[in-house]
Amino acid sequence: MLALADCNNFYASCERVFQPHLQNKPVVVLSNNDGCVIARSNEAKALGIKMGEPAFRLKDIIKSKNIQVFSSNFALYGDMSKRVMSTMREEVKRMEVYSIDESFMDFSGEASPEEKAIALRKKVLQHTGIPISIGIAPTKTLCKVAGLIAKKHTKTGVFLLNDKKLIERALKWLPVEDLWGVGRKHASFLKNVGINTAYDLCNADNSWIKRHLSVIGLRMVKELRGTPCFGLEENAKQKKNICTSRSFGKKVNKLEELKESVSSFASDCAYKLRQQKSCATRISIFITTNPFNPNAKQYKGLTSIKMDTPTNDSIEIVRLALQALEKVYRDGYVYKKAGVVVSDIVPQSQQQLSLFDNLDRKKHQKIMSSLDLINNKMGKDKVRLAVQGHQRKWRLKQERLSPCYSTQIKEALVIKL
DNA sequence: TCTGGGGTCCTAGGACCC
DNA sequence: TCTGGGGTCCTAGGACCC
């Protein structure tokens, strides 16, 4: 038996923990650049605010319904996530952190899984202030179904889905597009051929499912029928690709400004590589214009460089990223977004030196360790490469940013008695 | 004026090998 | 007139997830 714990409206809930007067009020959290809605409290959902809706279209309703709006504060959400996860980990044998706001847990051998879940939910709420829902079932995909029911149709926030009859009822109730693993494209395809519910899909033929939804779809259906295909993965795997990208808060058209941002993204990728103790062999960069602006000339520049020796050295990765940038940059466009991706990742311990390598890697490694030490202590990019610049005009728009209550001592809540 | 960021996996097709 | 069979590796694109 597995359980899936899911934080309710996670980002909005994080903001409310530190501003309890916002309980029962509509709250939304915006994406980077205050671009579009990425989290909504139940009250905001009830007002009809859609996921991904651009913020500028919501101006009127925000005012008329007095909706509380926040810029996204990922330092806060990441830290709150850690607290929720560690609270749950104290109570279960095995656990997989599946995303920032979800975890799968081993509930096998629990005499009363529902009571266990209710107690867990209570503890998380008490210790962190974050409300969660828990779905319990024999497979991950069924846990997802149980979680949906827990969230929408229970008072306890907990739902156990293990009885055959009950599973059948649930699958007949569940629209196929709400299944974990069925996205927009597959959903519209399935509806076109008359498959409307999860139950309909379960009755489809295996080879037909594989042909149209690939083996991933087939695994999902097998899980719905009760056969586990996805195990609990306790250890976080090393990432195979690492990307840092941003949309710009203002218009960027000069190569110089792009250089500042691209070198910052590259240096961030190198930092992430060092954090997971791995090296990359390929570095890619992309720059794009604003696809939403119908009047702008459109351009997408994308290129990558393969290296002889895997590296996680900021200096080297930044240098290559800038080389790549020179290749794809075209004058005369207004750029909206840029990004750096590092891939072909190998563990740092398996770094294979090239025969013709002439970089003093030991020395560079020392520089990188010092850099990380200082920046971890004093703040991100406190010490950086000169090419990363100091004006940073491209940086994010964040007009409604809440304090980093739990990660910056200066921003901690002060309670006056 | 104004539309996020970061991932995974699978498949098809091309280039290449013997 | 006529051109096999069996592989691997790589990449781009598309689907999905949060």
Side-chain angles (χ1 to χ4, degrees), chain A residues 4-7 9-11 28-39 49-60 62 69-74 77-78 81 96-104 140-141 144 147 176-190 209-220 229-230 233 236-251 265 268-269 272 276 281-282 284 286 288-296 300 302-304 306 334 336-345 395-400:
Chain A
L4 168 69
D6 188 337
C7 300
N9 316 323
F10 183 52
Y11 300 163
V28 302
V29 177
L30 304 180
S31 62
N32 274 339
N33 273 320
D34 296 345
C36 55
V37 174
I38 57 168
I49 293 175
K50 296 272 181 315
M51 190 71 171
E53 198 153 352
F56 67 88
R57 281 202 214 127
L58 295 172
K59 273 208 172 122
D60 293 343
I62 285 170
V69 180
F70 292 90
S71 302
S72 40
N73 183 344
F74 291 107
Y77 312 147
S81 170
E96 170 190 343
V97 175
Y98 175 69
S99 75
I100 193 165
D101 69 336
E102 283 171 80
S103 79
F104 287 102
K140 280 184 165 179
T141 309
K144 279 278 185 181
V176 75
E177 67 265 29
D178 291 347
L179 268 173
W180 186 46
V182 175
R184 257 213 326 254
K185 283 279 162 70
H186 286 332
S188 81
F189 164 75
L190 289 170
I209 294 169
K210 188 172 175 205
R211 188 159 70 245
H212 291 105
L213 306 182
S214 88
V215 294
I216 299 182
L218 184 56
R219 284 189 201 125
M220 171 193 71
C229 297
F230 308 115
E233 288 170 19
K237 287 190 186 147
Q238 293 215 321
K239 302 227 185 311
K240 298 175 179 175
N241 298 287
I242 289 174
C243 172
T244 302
S245 72
R246 292 288 178 276
S247 295
F248 301 130
K250 61 170 287 260
K251 285 176 182 168
F265 303 156
D268 196 44
C269 284
K272 291 175 185 171
Q276 68 161 31
T281 322
R282 180 182 292 277
S284 315
F286 61 86
T288 62
T289 50
N290 183 359
F292 295 108
N293 184 351
N295 303 318
K300 276 184 188 169
L302 168 68
T303 190
S304 76
K306 176 111 181 160
V334 178
K336 179 64 181 169
K337 184 174 179 176
V340 174
V341 185
V342 290
S343 48
D344 292 8
I345 291 176
R395 73 180 200 293
L396 297 173
K397 186 170 123 190
Q398 291 182 310
E399 290 174 350
R400 321 294 286 265

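Nothing here was measured: the structure is a model prediction, and the numbers come from that model. Note: hydrogens, waters and symmetry copies are ignored here, and every other heavy atom, side chains too, is used. Naming: A, B, ... by sequence-line order, numbering from 1 per chain.
The residues A/E53 and A/R57 are annotated as not salt-bridged, no charged nitrogen and carboxylate oxygen being separated by less than 4.0 angstrom. Classification of A/K185 and A/E177 as a salt-bridged pair fails, no side-chain N sitting under 4.0 Å from a carboxylate O. The existence of a salt bridge linking A/D344 and A/K306 is confirmed by a sub-4.0 Å separation between a basic side-chain nitrogen and an acidic carboxylate oxygen.
Put simply, A/N33 has no side-chain N or O that comes within less than 4.0 Å of OP1 or OP2 on B/dT3. The shortest distance between the side-chain N/O atoms of A/K336 and the OP1/OP2 oxygens of B/dT3 is below 4.0 Å. Applying the 4.0 Å criterion to OP1 and OP2 of C/dT11, one finds that A/R282 has a side-chain N or O inside that range. In this structure, A/S245 reaches the B/dG6 phosphate: one of its side-chain N or O atoms is under 4.0 Å from OP1 or OP2. Phosphate contact (OP1/OP2 of B/dT1, side-chain N/O of A/K397, threshold under 4.0 Å): absent. Checking the phosphate oxygens (OP1, OP2) of B/dG5, a side-chain nitrogen or oxygen of A/S247 falls inside 4.0 Å. Between A/R211 and B/dT11 there is no side-chain polar atom (N or O) within less than 4.0 angstrom of OP1 or OP2. An OP1 or OP2 oxygen of C/dA15 is reached within less than 4.0 angstrom by a side-chain nitrogen or oxygen of A/K185. Proximity of A/R219 to the phosphate of B/dC10: a side-chain N or O atom is located under 4.0 Å from OP1 or OP2. In terms of phosphate contacts, A/K251 brings no side-chain nitrogen or oxygen within less than 4.0 Å of OP1 or OP2 of B/dT1.
Of the two residues near DNA chain B, A/K272 and A/K210, the one whose nearest nucleotide lies more 5' is A/K272.
Of the nucleotides present, C/dA12 is the one that pairs with B/dT11 by Watson-Crick or G-U wobble criteria, both distances under 3.5 Å.
Between A/F104 and A/F230, the ring centre distance reaches or exceeds 6.0 Å.
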